[in-house]
Amino acid sequence: MPTPPDTSKTMKLERYNSYIRKLHSTKLLNASSKFLFRVTLLIALVLILFFTINYPPLSDAGNHVPPLHRHHGHSFLSTSLFSGSSLVGGASWEKQVRHSSTPRRLNGFSVLVTGAAGFVGSHCSLALKKRGDGVLGLDNFNDYYDPSLKRARQNLLSKHQIFVVDGDLNDARLLTKLFDVVPFTHILHLAAQAGVRYAMQNPQSYVRSNIAGFVNLLEVAKAANPQPAIVWASSSSVYGLNTENPFSERDRTDQPASLYAATKKAGEEIAHTYNHIYGLSLTGLRFFTVYGPWGRPDMAYFFFTKDILQGKSIDIYKTHDQKEVARDFTYIDDVVKGCLGALDTAEKSTGSGGKKKGPAQLRVYNLGNTSPVPVGRLVSILEGLLGTKAKKHVITMPRNGDVPFTHANVTLAYKDFGYKPTTDLASGLRKFVKWYVNYYGIESKPSKGTQRADEST
Ligand SMILES: O=C(O)[C@H]1O[C@H](OP(=O)(O)OP(=O)(O)OC[C@H]2O[C@@H](n3ccc(=O)[nH]c3=O)[C@H](O)[C@@H]2O)[C@H](O)[C@@H](O)[C@@H]1O
């Protein structure tokens with residue numbers, strides 16, 4: 001008989017093999033579950049990020065800016081999560097917000113300045129900080145004009161311990177957070193879509209900033225406890241086709257000539273509503289063509305300077321009945337004094353947490369220079385300061401929302417807070433040109449005395 005095979009060894013081997021197989025399958029299971037777990041985590045993170053970027057906070061749903069239209073607004077990622085280098089709502093962010101907003105003088109204000117990286121906003125922020133008030137800036141750094149100029153203004157502010165939060169007026173969650181962190185006594189609301197003629201190119205940006213953004217800010221302010229007093233920038237353009245001269249706050253403002261003017265006028269009406277329903281103290285300031293160092297490159301005095309220095313021709317508008325166009329150009333330092341005067345005399349809001357307790361202050365003031373200057377004269381002053389002849393191209397004013405002249409009566413602002421402009425156009429432009437040349441350098445050699453046949457002298 002054949003000897004039976006010795007199975008003990010085979011069985012041992014099989015047992016060993018099955019043990020190894022089990023071991024492998026458990027390892028495999030472990031590895032694959034780990035892998036699955038990681039993939040799920042990654043998907044979850046991607047989804048969270050996707051929703052954060054694409055969907056605004058619930059409270060902001062009504063003001064959601066569709067992604068395609070964001071170039072003049074701000075992405076929600078940078079608006080809602082990050083500001084400068086710190087995370088919005090994080091401990092270091094809150095510390096910066098508090099530090100910047102804390103007044104350094106007895107009974108000093110704590111002011112939220114919107115549009116703080118803008119022209120008037122940066123000047124006012126510095127003036128407030130210098131006298132000991134706390135200032136927190138808010139700006140969306142949009143690209144209506146060169147954002148690097150806004151960043152340069154922000155750098156200047158940060159040297160004076162003013163923190164500018166990178167965010168949009170339409171971000172209700174961000175605004176509410178700011179009011180949670182700081183009990184602001186005042187808002188100086190200067191953020192806006194400015195410029196008269198650009199309204200024909202991008203009308204929606206005016207509605208978004210000057211109407212929706214303003215309402216969003218007022219909604220947050222009325223709900224705050226304490227409610228702040230609000231001083232905000234209206235515009236001389238609300239006088240539109242008014243023919244009274246000079247313009248007084250009592251004159252009609254129901255004939256705006258541009259959508260820009262119409263949104264500013266709408267702001268004045270909206271201010272009335274929030275004052276009436278919620279007891280918010282509101283002061284609108286009608287600025288008259290403000291100019292000066294750190295100004296706005298979209299304004300005529302600014303781009304005339306650039307074009308004259310580069311030897312390019314400039315368009316000088318005349319009215320349809322061949323008259324000169326004139327503006328009550330107002331120097332920035334005078335306007336800053338007006339803004340501070342308005343803040344100093346602003347009474348407290350009377351409501352709290354969205355409920356009115358009694359009547360509150362509602363005011364509107366002209367802040368002009370009281371001395372209109374024809375645009376041709378502005379150009380001659382610039383030619384003198386730059387030592388260069390401009391290539392002047394005099395044309396009839398295009399139908400683009402412009403008005404033929406502006407002239408402020410400032411009696412009311414003088415009576416209520418001593419507003420008295422002291423800078424004439426020649427002195428103010430001298431300071432502007434000094435700043436301009438220092439900031440930009442002289443970009444190209446001025447070309448002298450070359451005029452076209454259709455130019456005036
Ligand atoms: O006072 C105001 O409320 C307004 O002042 C300025 O608006 P505007 O007065 O039109 O200022 P510029 O655009 O700098 O124009 C100044 C003057 O130059 C004239 N101009 C403008 C452009 C141009 O190419 N040529 C020209 O002759 C205009 O007709 C105007 O008379 C600001 O741009 C507005 O944001 C502000 O609200």
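Numbering of ligands and ligand atoms starts at 1, following listing order. Quick caveat: nothing in here was measured; it's all calculated off a predicted structure.
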Taking [atom] as the reference point, the nearest protein heavy atom with its distance:
| atom | answer |
| --- | --- |
| atom 36 (C) of ligand 1 | Y260 OH, 3.7 Å |
| atom 11 (O) of ligand 1 | T289 CG2, 3.7 Å |
| atom 8 (P) of ligand 1 | R327 NE, 3.8 Å |
| atom 26 (C) of ligand 1 | Y317 CD1, 3.4 Å |
| atom 2 (C) of ligand 1 | S236 OG, 3.2 Å |

Separation of [Y] [atom2] from [X] [atom1] (nearest 0.5 Å):
| X | Y | atom1 | atom2 | value |
| --- | --- | --- | --- | --- |
| D143 | S148 | CG | OG | 11.5 Å |
| Y274 | K356 | OH | NZ | 14.0 Å |
| R105 | N107 | CZ | CG | 8.0 Å |
| Q154 | K159 | CD | NZ | 11.5 Å |
| I395 | K318 | CD1 | NZ | 8.5 Å |

Looking only at distances, please establish whether an N/O atom of ligand 1 is found under 3.5 Å from an N/O atom of [X].
| X | result |
| --- | --- |
| A300 | yes |
| Y301 | no |
| G195 | yes |
| S235 | yes |

Using a strict cut-off of 4.0 Å, indicate which atoms of ligand 1 neighbour a heavy atom of [X].
| X | answer |
| --- | --- |
| A194 | 35 (O) |
| F304 | 25 (N), 26 (C) |
| V325 | 29 (O), 31 (O) |
| S237 | 3 (O) |
| I316 | 27 (O) |
| V196 | 7 (O), 10 (O) |
| F303 | 22 (C), 24 (O) |
| D402 | 10 (O), 28 (C), 29 (O) |

Mind checking whether [X] contacts ligand 1 via backbone (N, CA, C, O), side chain (CB onward), both or neither, at a 4.0 Å heavy-atom cut-off?
| X | result |
| --- | --- |
| F288 | backbone |
| R197 | side chain |
| F287 | backbone |

Does one side chain, of T422 or D334, offer a donor that lies under 3.5 Å from an acceptor on the other?
yes
Fit a plane to each ring of [X] and [Y], take the angle between them on a 0 to 90° scale, and name the class: parallel (under 30°), tilted (30 to 60°) or perpendicular (over 60°).
| X | Y | answer |
| --- | --- | --- |
| Y301 | Y291 | perpendicular |
| F184 | F179 | perpendicular |
| Y440 | W435 | perpendicular |
| F119 | H123 | perpendicular |
| Y365 | F417 | perpendicular |

Taking atom OH of Y317 as the centre, report whether more than 12 heavy atoms of other residues, nucleotides or ligands fall under 6.0 Å from it.
yes
Can you tell me if [X] contacts ligand 1 (heavy atom of the residue under 4.0 Å from the ligand)?
| X | answer |
| --- | --- |
| M397 | no |
| Y291 | no |
| F405 | no |

Check against salt bridge (charged side-chain N to carboxylate O under 4.0 Å, His left out), D166 and R151:
CA-CA 11 Å; D166 195 329; R151 292 292 174 191; 3.1 Å; yes
Can you name the one residue among L138, V135, V97, L157 that meets side chain to side chain contact (heavy atoms under 4.5 Å, CB included) with F163?
V97
Does the separation of the ring centres of F432 and Y439 fall below 6.0 angstrom?
no
I want to confirm something. Looking only at heavy atoms, which of K264, R296, M299 is nearest to atom 35 (O) of ligand 1?
R296
Counting heavy atoms only, which of V375, D315, V403 is nearest atom 17 (C) of ligand 1?
V375
